[in-house]
2 protein chains.
Amino acid sequence: MSFTIKDIAKISGVSTSTVSLVISGKGYISESTREKVQKVIDEYNYRPLRSARQLAANRTGNIGFIISDVHLSRSEAFYSRILLGAELEARNYDTYLLLSTVPVHINAPDDFPRFLKGRDVDGVIIVGSVSPILIDHILKLGMPIALVDYRVPGLEIDSIIMDNRYGLSLIVEHLVHQNVTHIGFVGGSFYHPSIKERFEGYQTAMERLGLGDISRNKNYHYLVEEETTTDIGSLGAEQLLKTVNNLQAIICVNDTTAIGCMNKLQSLGKKVPDDILVTGFDDVNYAALTNPSLSSIHVPKIEMGMGAMKLLMDKIENPDKISQTQLIPVKLVERMSSIRPNRE
Amino acid sequence: MSFTIKDIAKISGVSTSTVSLVISGKGYISESTREKVQKVIDEYNYRPLRSARQLAANRTGNIGFIISDVHLSRSEAFYSRILLGAELEARNYDTYLLLSTVPVHINAPDDFPRFLKGRDVDGVIIVGSVSPILIDHILKLGMPIALVDYRVPGLEIDSIIMDNRYGLSLIVEHLVHQNVTHIGFVGGSFYHPSIKERFEGYQTAMERLGLGDISRNKNYHYLVEEETTTDIGSLGAEQLLKTVNNLQAIICVNDTTAIGCMNKLQSLGKKVPDDILVTGFDDVNYAALTNPSLSSIHVPKIEMGMGAMKLLMDKIENPDKISQTQLIPVKLVERMSSIRPNRE
DNA sequence: ATATTTTATCGAACCGTTTCGATATTAATT
DNA sequence: AATTAATATCGAAACGGTTCGATAAAATAT
């Protein structure tokens, strides 16, 4: 069919092993031979066949990309950018990404990604929280993992997370700068570490700015042990309006929640930002499209995906290297939803 | 390392070829042997190694998924669902999906997806419009293609498209039912067939309902030869407000445009839906989250992805089968943006 | 009863690489 | 000059499957 390594060997007058060495850059090859062979390779536009390579070298050249179905559908705009980043970086390693969604409450082993049942990947990237059962299973397989926007305390796993606490301090400072002090918080389930960190970040920042009374006051926050949705945002808005006198701003745990929150406020006759300021987190691509446009914390999603890929490949090449956690910096994006029109 | 077909053969007391036949379901195998072998396979949880299979059978078991970078970033919410659908269906064929974005204006052959340069896929799914150069190249490779939301007139390629014309007739009818006649249209570039069809659908439907004068009047539509964005939506809104007296409704070519349109209208002091009705198309997942919520045409994206996968696999198995175009039905989703609050 | 066809199983070649160990040459060290 | 080390190349054995005849037994047709 197509050209094989044997053809290249024959044409350049060397053995197949020599060609192989030239391609991989391993072992000793004289400069003259290298050039000679490389010229033939280029001329015939030869590329080694992946499956043959995989079989002989006992590695697949594939990376699994795992995400829970709930996360994907709830935060598609967020996670699909991470996938994109990972794919971009994958090119540098001549690696392919295999996507798989898994149910949140996994029914082992039926619900495991199929690339785990076969031996079709050299490692996996997991984004967002995922059942510990699955993580356990992958670790038992001895397969390297890189986590994105998730951590498992106590386990030695590479992970990439954004600086949630810092992000929240940026928001709180910004709001206070708008001459606002009665700041509420709407959040979701704590089984996802990011959510928890954001709430804690809110509390710490408030405390630091002398607003500790508020951030410790239960009336000022609405927290539900559920996946964050627009519904939680609207419920939170409704609730805080009832329990807080003179509510001036609502910090939402993410953009989805913030959108629900803004819509509810508006349908209750409260104007954003005139009456109440609202902020989100994540800066998903439609945050700029809401009305008013939503202030948010920008998270470099592409970079996080790329970073995860790098960490993982590093781990695959040096399995003994100690795992690390990378903290990705974030920044505030000020839009209309959090700017007071009539500053005193 | 892991179990191989030889182990299974030895344990069940047959040859490797017999095991292979049992697994593939090909050839003649007695019922008793099949059971015996299958039992061993199940017991040891054996799975053939992909790369070995690929090498021997000369097929990769991979499908390429190609999308232009511009489309992906502009309509991520739309296309990522199609990817998801394709992946869902891929499981039924024990196939993996390899994702690749390509630049709109492709610089051949450097910008070709890398799975084409290697021989790493058995076929490709292409979503949205893509450079003819690329399509040509793939056809020359003799590789089967399935198109989603795109067509190349004159070429024999399987494709899946949504019923754009019908969708627009639904919208026009709905608006007329709201006692509205001065209906404008905001759209984008015609090199994407769907865009063109939607505009034509608008004209046909208007004509049919006796509003031909309007649909043929240039003042009533704003069309730009560019990728559709929110900006086009706001420019369109601005423009139509100027050129049309008593504008009552704006049909936008898709949801993204509609969001830009609504935001601009509101910032110009026009209320939606009180003063002007607005509709979108695609029903992306945040269409329900706008304020007011956006009426749109629901397009079953997951199903389109699944359908493309089926078409493609069918083509791979029967290369001689004549290509077909599947028209996917759509339906109207009435939300707040197009319901007149004070009907006469 | 014999010839033919269908069913069942197997051995061996093959798919296109990588890599280990052997061998030959050249360079460096004593 | 002799020994050792480094460099360069190659042959052949894997890697784990599929598939093409070959062979034999069972079923069917003549």
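In what follows, every chain begins at residue 1, and chains take the letters A, B, ... in the order their sequences are listed. Everything numeric here is computed off the predicted structure, so don't read it as measured data.
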Within the structure, does a side-chain N or O atom of [X] lie under 4.0 Å from either OP1 or OP2 of [N]?
{"X": "B:S30", "N": "C:dT9", "value": "yes"}
{"X": "B:K26", "N": "D:dT19", "value": "yes"}
{"X": "B:Y28", "N": "D:dA24", "value": "no"}
{"X": "A:T18", "N": "D:dT9", "value": "no"}
{"X": "A:K6", "N": "C:dG16", "value": "no"}
{"X": "A:S15", "N": "D:dT9", "value": "no"}
{"X": "B:T33", "N": "C:dT9", "value": "yes"}

Whole angstrom is fine here: how far is it from [atom1] in [X] over to [atom2] in [N]?
{"X": "B:L55", "N": "D:dT18", "atom1": "CG", "atom2": "P", "value": "11 Å"}
{"X": "A:R53", "N": "C:dC15", "atom1": "CZ", "atom2": "C1'", "value": "16 Å"}
{"X": "B:K36", "N": "C:dA8", "atom1": "NZ", "atom2": "C1'", "value": "11 Å"}
{"X": "A:Q54", "N": "D:dG16", "atom1": "CD", "atom2": "P", "value": "13 Å"}
{"X": "A:I29", "N": "C:dT18", "atom1": "CD1", "atom2": "P", "value": "12 Å"}
{"X": "A:I8", "N": "C:dT17", "atom1": "CD1", "atom2": "C1'", "value": "13 Å"}
{"X": "A:N58", "N": "D:dG16", "atom1": "CG", "atom2": "C1'", "value": "11 Å"}
{"X": "B:L49", "N": "D:dG17", "atom1": "CG", "atom2": "P", "value": "6 Å"}

Using the ring of each side chain (for Trp, its six-membered ring), is A:Y79 parallel, tilted or perpendicular to A:H71, with breaks at 30° and 60°? tilted
Value rounded to 0.5 Å, distance of CG in B:D320 from NZ in B:K315: 8.0 Å
As a test of reading the structure: which of [options] is closest to the side chain of [X], going by heavy atoms?
{"X": "B:L21", "options": "C:dT18, D:dG17, C:dT9", "result": "C:dT9"}
{"X": "A:T16", "options": "D:dA12, C:dC10, D:dT18", "result": "D:dA12"}
{"X": "B:T4", "options": "D:dT18, C:dT17, D:dG17", "result": "D:dG17"}
{"X": "B:I5", "options": "C:dT19, D:dC10, D:dT18", "result": "D:dT18"}

Closest-nucleotide 5' rank along DNA chain C - winner of B:R34 and A:Y46: B:R34
List the steps, then state whether side chain to side chain donor-acceptor pair (under 3.5 Å) holds for B:T18 with B:S15. CA-CA 5 Å; B:T18 301; B:S15 72; 3.1 Å; yes
Give one of base, sugar-phosphate or nothing for B:S17, where a contact means two heavy atoms less than 4.0 Å apart. base
Under 4.0 Å between a Lys/Arg side-chain N and an Asp/Glu carboxylate O for A:E87 and B:R114? yes
Less than 4.0 Å between a side-chain N and a carboxylate O, is that true for A:R50 and A:D94? yes
Determine whether the side chains of B:Y96 and A:D120 contain a donor N or O and an acceptor N or O closer than 3.5 Å. yes
